[in-house]
Every structure is written in C-alpha cells, then in structure tokens.
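Structure first, then comments.
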Amino acid sequence: MKFLYYIRYFVYIAWNWNLRLALFSIFHEIRGENKYHLNTVRLNDLQKLDVSGKNRQSAEVYQAANYFLLENIFEMLQQLNVPDGFVDIGCGKGRALVVAAYYGFNHITGVDFAKDLCKEAIMNCKQLTLKYPSVSCHVVHADAADFTIESQIHVLFFFNPFKEPVMKRVIRNILASVKEHPRKIWVVYINPQHKHLFLERGFRQIYYLRKMRFVEAVIFEK
C-alpha cells in the first residue's frame, strides 16, 4: 500500500510541477520515511475531511514538508541555539513534530483543523514519546486563526498551510503573544508564498534556502 502512495505522490508532483522535482521529492520521501519510521507521504484532499473552524475554504491538498528542507532547517535552528518550545501550525500527520524531536526539541505541539489528520499526528506523537521519553508532544484540533500562542513557544513552523487572510490573523496572534510575554521567537516558513506579510510586520529574515525552483524555506526572527 505504501508503494502506491509513493507512486501517486510522484505522479502528483510530476504532473503539477515537473519530472526533475518529482524525482528529487520522491527520493527524499522514501529516505525520510524510512529514517524516521513514518507513514506520512499520502496526499489528502482536505475538502473531504472533517475540518473544524470557519476557514474550510482555505483547505486544499494535504502534503507534508519535504525532508530535505526539514533537515536543513532544523540543522540551522541547532546552530542558532534557539530555546525549546516548538509548534507546527498546520501539522497534518505530524512529520515535522517527529523531526523536531530528533533534532532536540522536547516541548512540541501540533495544530491542525482536520480531525482525521490530528488522529494520525497523535499516533505519531505516541510513538515519538516511546522513543524519546523526555519529549512532551501533544496535538490540538483547532483552527489556526483561533489558536493561542503560549509563552513557552519560541519556534513556529508553517508549510504554506493556508491563504493570506488566515495568515494575517495568525501573525496578529503571534505578535499579541510576544507583546504579552516579551521574548525572541523564530518562524520557519516552507514554501513561503506570503512571506511579505511577516516582513511588513517587522520580522527579519535570517536564513533562506532554495533548491531548484519550488523547494524553498525561510527563517524569520522577531
């Protein structure tokens, strides 16, 4: 069954982008899934899932972040020596949560508005805590726009999870949290289609990675 998911993923990337990107992507999918013992490659149409909140119209196809980008980003976060406290807003099945633990984060939260994806993320968190007993990992079924950014969160992760109106509300929530609990935070944004929104609100880009044309990530600091 997993082999079929790989084939469908490869065809999806090749059809919507190009063959070279599909080959690059499927190589890292197979490598990463085996390395982290995950099964998160399957694509899901979010319009067909049980989605909470008022932003269903922003839901598109669930696709996990590329392992190549994840590992490069987390290596950079290690170099920056960022504090613990990681949240993936739009966590899907929890791939980034597992990789975060592998790179030393002990307080990890995932947020998603699709109940079915949250169930898979919860199962991956349970396996994660068995492997890393010191890790606290939990998943919140909620709309990103309504999620409260708590004071212990220092790193926020996004894989282009929603459209501009929702991202604006999330940025307001981040800034409100920093105002109430002053601290430095870092934002990881993969496939950053709305990165201008962060720059306009005073975030500073401190890292940029691009591979080929469509594999792209930034880290902001505030």
Side-chain angles (χ1 to χ4, degrees), residues 8-9 12-13 15-18 21 25 40-66 69-70 73 86-97 100 109-121 139-150 153 155-178 185-205 207-222:
R8 290 170 183 168
Y9 185 88
Y12 175 80
I13 299 296
W15 180 264
N16 287 280
W17 287 276
N18 58 62
L21 180 62
S25 299
T40 56
V41 71
R42 183 182 180 185
L43 301 166
N44 295 88
D45 183 353
L46 293 178
Q47 292 290 344
K48 297 179 180 179
L49 300 181
D50 183 1
V51 173
S52 68
K54 299 173 287 187
N55 295 300
R56 188 183 185 91
Q57 71 276 9
S58 295
E60 296 177 349
V61 174
Y62 163 75
Q63 176 186 353
N66 182 280
L69 288 178
L70 284 176
I73 284 292
F86 174 90
V87 61
D88 180 356
I89 300 184
C91 70
K93 300 173 185 178
R95 175 183 292 186
L97 308 181
T109 302
V111 182
D112 207 285
F113 68 170
K115 184 180 291 185
D116 293 332
L117 298 183
C118 284
K119 289 178 181 177
E120 293 195 48
V139 177
V140 180
H141 177 221
D143 191 309
D146 300 325
F147 178 69
T148 300
I149 311 296
E150 297 180 345
I153 292 173
V155 178
L156 299 103
F157 179 93
F158 301 93
F159 174 29
N160 191 36
F162 24 70
K163 297 178 181 178
E164 186 168 319
V166 180
M167 184 61 86
K168 285 182 177 178
R169 291 182 60 186
V170 172
I171 292 174
R172 285 200 296 268
N173 293 343
I174 296 171
L175 294 175
S177 175
V178 172
I185 61 168
W186 291 262
V187 173
V188 175
Y189 193 0
I190 290 180
N191 189 16
Q193 295 187 19
H194 308 303
K195 71 177 184 179
H196 65 281
L197 297 177
F198 287 93
L199 296 172
E200 290 168 0
R201 298 303 301 271
F203 289 80
R204 183 170 66 94
Q205 181 175 306
Y207 179 72
Y208 178 75
L209 173 64
R210 184 172 181 175
K211 183 74 172 179
M212 295 185 287
R213 183 179 176 187
F214 301 103
V215 182
E216 184 180 13
V218 297
I219 299 177
F220 295 113
E221 184 181 82
K222 179 69 174 177

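This structure is a prediction, so every number in the text was calculated from the model and none was measured. We're numbering straight along the sequence, starting at 1.
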### Query
After noting the C-alpha distance and the side-chain angles of L197 and E164, does the key distance pass the side chain to side chain contact (heavy atoms under 4.5 Å, CB included) rule?
CA-CA 8 Å; L197 297 177; E164 186 168 319; 3.5 Å; yes
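- Between V140 and C118, the closest heavy-atom pair is O-SG, 3.9 Å.
- Taking every heavy atom of both residues into account, V218 and I73 meet most closely at O-CD1, 4.5 Å.
- I219 CD1 to L156 CG: the interatomic distance, rounded to the nearest 0.5 Å, is 12.5 Å.
- In terms of modelled atom types and a separation under 3.5 Å, the side chain of D88 and the main chain of G94 share no donor-acceptor contact.
- Looking at every heavy atom in both residues, A65 comes nearest to I190 through CB-CD1, 3.9 Å.
- Note that the CD atom of Q193 and the NZ atom of K163 stand 10.5 Å from one another [nearest 0.5 Å].
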### I149 vs I185, side chain to side chain contact (heavy atoms under 4.5 Å, CB included): CA-CA, chis, key distance, verdict
CA-CA 11 Å; I149 311 296; I185 61 168; over 6 Å; no
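- Counting heavy atoms of neighbouring residues, nucleotides and ligands inside a 6.0 Å radius, atom NZ of K222 exceeds 12 of them.
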### Y207/E221 under side chain to side chain donor-acceptor pair (under 3.5 Å): CA gap, chis, key distance, verdict
CA-CA 9 Å; Y207 179 72; E221 184 181 82; over 6 Å; no
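- No side-chain heavy atom of Q63 sits less than 4.5 Å from a side-chain heavy atom of N160.
- No side-chain heavy atom of N173 sits under 4.5 Å from any side-chain heavy atom of F147.
- A side-chain donor-acceptor contact under 3.5 Å links R210 to the backbone of M212.
- The nearest pair of heavy atoms linking F157 to A96 is CE2-CB, 3.8 Å.
- Residue H194 holds its NE2 atom at 12.0 Å from CD of E200, rounded to the nearest 0.5 Å.
- Between M167 atom CE and F198 atom CZ the span is 4.5 Å, to the nearest 0.5 Å.
- Here the shortest heavy-atom pairing between K195 and E216 reads NZ-OE2, 4.4 Å.
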### Candidate pair L199 and F220, rule side chain to side chain contact (heavy atoms under 4.5 Å, CB included), full reasoning
CA-CA 9 Å; L199 296 172; F220 295 113; 3.7 Å; yes
### Message
Set out, in order, the CA-CA distance, both residues' side-chain angles and the distance that settles side chain to side chain contact (heavy atoms under 4.5 Å, CB included) for V139 and D112, then state yes or no.
### Response
CA-CA 8 Å; V139 177; D112 207 285; 5.8 Å; no
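- Between atom CZ of residue F113 and atom CG of residue D146 there is a gap of 11.5 Å, rounded to the nearest 0.5 Å.
- Contact of the F203 side chain with the I171 side chain is registered, since non-hydrogen atoms from C-beta on lie closer than 4.5 Å.
- Rounding to the nearest 0.5 angstrom, the gap separating the CG atom in N191 from the CG atom in N66 is 11.0 Å.
- Residues A64 and T40 come closest through the heavy atom pair CB-O, 3.9 Å.
- Side-chain atoms of K93 come within 3.5 Å of backbone atoms of R42 as a donor-acceptor pair (strictly under, hydrogens ignored).
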